[in-house]
S.K.: 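Before we start, here is the structure in question, set down as structure tokens.
The sequence lines fix the lettering, A, B, ..., with proteins before strands; numbering per chain opens at 1. Predicted, not measured: the structure shown is a model, and the values here were computed from it.
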Amino acid sequence: MSIDINKTKVYNLAMEKFRLKKADIITLAVVLVAAALAFLCINLFATAGSVAVVEQNGEVIAELPLGEDATFEVKSGEKVTNTIIIKDGSADMVSADCPDKICVNHRKISKSGESIVCLPNKVIVTVRGGGAEVDGVAR
Amino acid sequence: MSKSKRIATLALCIALAFTLSFFESLIPINIGIPGVKLGLANSVTLVALYLLGKKEAFGISMVRILLAGLLFGGAFSLVYGFAGGMLSYIVMVLAMKSKKLSPVGVSVLGAAVHNTGQIVVAAAVMQTPRIAYYLPVLLLSGAVSGALVGIVSGIAVARLNHIINHTDNG
């Protein structure tokens with residue numbers, strides 16, 4: 001068996017037998033705790049929202065009250081790129097022309113802070129609570 | 001390992017990682033939150049990291065992300081893929097070198113950093129911190145899938161160790 005200096009270093013790190021180490025469990029626990037903490041922080045301030053704010057390219061283009069059922073189409077020029085439906089107090093993205101449709105598969109949002117994002121089209125729908133902060137412009 | 005054997009092995013690894021990427025894209029994950037994925041292809045990166053070397057693993061990982069992003073991804077997936085991939089690679093190399101973690105811990109850290117990195121890049125692109133809303137779910141799914149991938153990779157590393165590093169004379 002010939003000994004290769006470069007390979008010896010790699011070999012030492014690879015084990016002969018796979019065994020779980022205590023540090024692994026600790027790492028897993030830390031990540032899970034971090035997830036739980038983030039979840040708590042977000043939900044501590046969660047309230048039922050009252051309006052769905054639609055942004056396109058970083059600009060607010062509509063504020064849709066969640067109390068009123070409505071259909072809103074986001075347009076780029078003449079083409080409709082995303083369609084949002086407000087129904088029964090929640091907002092849902094029902095169609096989009098992006099290739100991955102992650103936004104369409106996203107579940108309905110209704111709590112303040114929740115959002116549906118369509119990255120390729122740069123469209124974000126966010127639920128905000130409380131009274132209107134800004135005069136909304138619906139196009 | 002002879003040069004031609006090395007090249008062939010790397011190419012096989014890329015093909016394997018790429019196939020796993022495609023395979024997992026076929027499984028519909030209906031949690032409705034973007035970014036939740038199994039990360040099966042990372043098992044190849046991880047095993048390569050232990051058995052083939054740091055540079056080799058990096059190359060396999062980057063080429064696989066490029067190929068998968070070009071063929072299956074949307075407009076932004078390349079940017080997010082590279083960002084998450086590079087960050088998680090750095091963290092995994094450090095975790096491996098610390099010698100305190102088995103591949104399971106390395107994989108869990110890699111998955112967590114990968115997902116967090118993607119969120120950070122997405123928040124920067126969309127110019128809003130609100131995307132951090134997805135962090136808890138992504139960390140949780142990253143921990144679970146990272147652990148599973150890590151277990152499989154750990155077994156693979158132990159089994160393949162002899163084959164890769166002992167029996168060849170090229």
S.K.: Looking only at non-hydrogen atoms, find the nearest pair between A/Leu20 and B/Ser102 and report the distance.
M.R.: CD1-OG, 4.1 Å
S.K.: Quick one: do B/Leu40 and B/Val63 end up in the same hydrophobic cluster if we chain Ile, Leu, Val, Met, Phe, Trp and Tyr together by side-chain heavy atoms under 4.5 Å apart?
M.R.: yes
S.K.: Quick check on the hydrophobic clustering: are B/Phe58 and B/Val106 connected, directly or via other members, by side-chain heavy-atom contacts under 4.5 Å?
M.R.: yes
S.K.: Answer yes if A/Val117 and A/Val80 sit in the same cluster of Ile, Leu, Val, Met, Phe, Trp and Tyr residues linked by side chain heavy atoms under 4.5 Å apart, and no otherwise.
M.R.: no
S.K.: Looking only at heavy atoms, which two atoms of A/Lys21 and B/Lys99 are closest? And how far apart?
M.R.: NZ-O, 3.2 Å
S.K.: Could you pull out the closest heavy-atom pair between B/Ala143 and A/Leu32, with the gap in Å?
M.R.: CB-CD2, 3.9 Å
S.K.: Could you state whether B/Leu66 and B/Met62 fall into the same hydrophobic cluster, counting links through intermediate Ile, Leu, Val, Met, Phe, Trp or Tyr residues with side-chain heavy atoms under 4.5 angstrom apart?
M.R.: yes
S.K.: Is a donor on one side and an acceptor on the other found under 3.5 Å between the side chain of A/Asp24 and the backbone of B/Leu101?
M.R.: no
S.K.: Following the transitive rule for hydrophobic clusters with a side-chain heavy-atom cut-off under 4.5 Å over Ile, Leu, Val, Met, Phe, Trp and Tyr, establish whether B/Ile7 and B/Ile60 coincide in one cluster.
M.R.: no
S.K.: Got a sec: does the NZ of A/Lys101 have more than 12 other heavy atoms crowding it under 6.0 Å?
M.R.: yes
S.K.: State, yes or no, whether a side-chain contact exists between B/Val137 and A/Phe39 at a heavy-atom distance under 4.5 Å.
M.R.: no
S.K.: Examine whether an atom of B/Ala112 lies under 4.5 Å from a heavy atom of chain A, and if so say whether it belongs to the side chain, the backbone or both; otherwise answer neither.
M.R.: side chain
S.K.: Roughly how far, to the nearest 0.5 Å, is the CD atom of A/Glu114 from the OH atom of B/Tyr134?
M.R.: 8.5 Å
S.K.: Are more than 12 heavy atoms from other residues, nucleotides or ligands located less than 6.0 Å from atom CZ of B/Phe22?
M.R.: no
S.K.: Given a strict heavy-atom distance threshold of 4.5 Å, which part of A/Ile116 is in contact with chain B: side chain, backbone, both, or neither?
M.R.: backbone
S.K.: What are the two closest heavy atoms between B/Ile155 and A/Phe18, and how far apart are they?
M.R.: CG1-CD2, 3.6 Å
